[in-house]
Protein chains: 2
Amino acid sequence: MLYLSYSSCGSLISKVGEFLKEIEGILSSECLKELALDDIKGELSRLAPYLKVIFSRWVPEIIYALYLKRRLSFNEMKKAFGISSRVLTDKLRLLEEYGLVKKEVDTSTRPIRVYYELTNSGKEVGLALIPLLTILKGKVKSI
Amino acid sequence: MLYLSYSSCGSLISKVGEFLKEIEGILSSECLKELALDDIKGELSRLAPYLKVIFSRWVPEIIYALYLKRRLSFNEMKKAFGISSRVLTDKLRLLEEYGLVKKEVDTSTRPIRVYYELTNSGKEVGLALIPLLTILKGKVKSI
DNA sequence: CTGAATCCTTTATGATACTG
DNA sequence: CAGTATCATAAAGGATTCAG
């Protein structure tokens, strides 16, 4: 069961399950009935810039890894994901622009090292990613 | 406040907040310490096929809308998202393959209409998407 | 209305080489 | 090590047309 790493946090999966059941209750009971498709559309188009960033290649991986490891260097991520440095740079710059990631340069070494970590805002996103990834992991197992 | 549609379900936002705080506790207390980057990488590569599907353009929108509206026709989605029919077809086929969406053909009308809804598996994903989108909405407001 | 078929454009990503 | 620059390619998406 090691491969599922954080699911060895036994309480997590059941907690996610409980939670999703709760919000399902809220969503279905109160306010879904009169929701127009246009409202949904409007909502989503406001989110579009964020969706474009978050739901793009490597970004969930980066956020997730940073969330769990707290702090990673450029090279650690590059090797871990097998991503080219150009693309990794692009993504990190984008995440910085959106205030989700912050960069710290350690000039005391030679060559210098650059570390990245999530901002508070980025941590929120990382956290909100957990339920989704947890659900998806359940699906992978069942294939 | 209407533009945030389901956030008029007042209790949802606070519930998401509570929950995220709870799992944050679980994640930080128990099992993060010894988690290796390689484990994270392994986990993510198992998820890769799902990540590729879920985290691709239009898919979050489709799942979210289907989750909230329960049932939409091909044309409703096409118009709502302003997506071309080729791409919409592609995405729906993919989601069907992954068992997240099911299709129902109503042949009693002329021309026929085709409706899509989430499978149970798809509903889980839709539900798990809510915390993430809720967090992102908070960020959009604050810009 | 629901697509399948085509074609075409854009974007995203990969590979490689190079610099401070 | 952490990028930047460049080139090449693949993948994704859009527009249009057409048929059952």
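Predicted model only: the values in this text are computed from it and were never measured. Here is how names work: the chains are called A, B, and so on, in the same order as the sequence lines, proteins then strands, and each is numbered from 1.
For the pair E104(A) CD and dC1(D) C1', the computed distance is 17 Å after rounding to whole Å. In this structure, L92(B) places its CG atom 11 Å from P of dT2(C), rounding to the nearest Å. Counting to the nearest Å, the P atom of dT13(C) and the CZ atom of F81(A) are 14 Å from each other. In this structure, L72(A) atom CG and dC1(D) atom C1' are separated by 15 Å, rounded to whole Å. The separation between E96(B) atom CD and dT2(C) atom P is 14 Å, rounded to whole Å. dG3(D) atom C1' lies 14 Å from atom CZ of R113(A), rounded to whole Å. Rounded to an integer number of Å, the gap from CZ of F55(A) to C1' of dT11(C) is 20 Å. Atom P of nucleotide dC1(D) and atom NZ of K103(A) are separated by 16 Å, given to the nearest angstrom.
Residues that satisfy the ring pair (Phe, Tyr, Trp, His ring centres under 6.0 Å) test with F74(A), not counting sequence neighbours, are absent from this structure.
Across all strands, Y115(A) comes closer than 4.0 Å to no nucleic acid atom at all (heavy-atom distances). Contacts of K79(A) with the nucleic acid, taken as non-hydrogen atoms under 4.0 Å apart, are absent. Within 4.0 Å of S73(A), counting heavy atoms only, lie sugar-phosphate atoms of the nucleic acid but no base atom.
Inter-residue side-chain proximity for L92(B) and M77(B) is flagged as met; some heavy-atom pair is nearer than 4.5 Å. Side-chain contact between I54(A) and Y98(A) is absent, with no heavy-atom pair separated by less than 4.5 Å. Residues Y67(B) and E24(A) meet the side-chain proximity criterion, which asks for heavy atoms closer than 4.5 Å.
Between E124(B) and K139(A), at least one side-chain N (NZ, or NE/NH1/NH2) sits under 4.0 Å from a carboxylate O, which counts as a salt bridge. With respect to K15(A) and E22(B), a salt bridge is recorded, a charged nitrogen being found less than 4.0 Å from a carboxylate O.
Note on Y116(A): a side-chain N or O is less than 4.0 Å away from OP1 or OP2 of dG3(D).
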request  = For nucleotides 13-20 of chain D, just jot down a letter per nucleotide in 5' to 3' order: B, S or -, based on protein non-hydrogen atoms under 4.0 Å.
outcome  = BBB-----
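L66(A) CG to K102(A) NZ: the interatomic distance, rounded to the nearest 0.5 Å, is 11.0 Å.
Comparing dC1(D), dG3(C), dG3(D) by their nearest atom to the side chain of N75(A) picks out dC1(D). Among the nucleotides dT4(D), dA12(D), dT2(C), the one closest to any side-chain atom of K52(B) is dA12(D).
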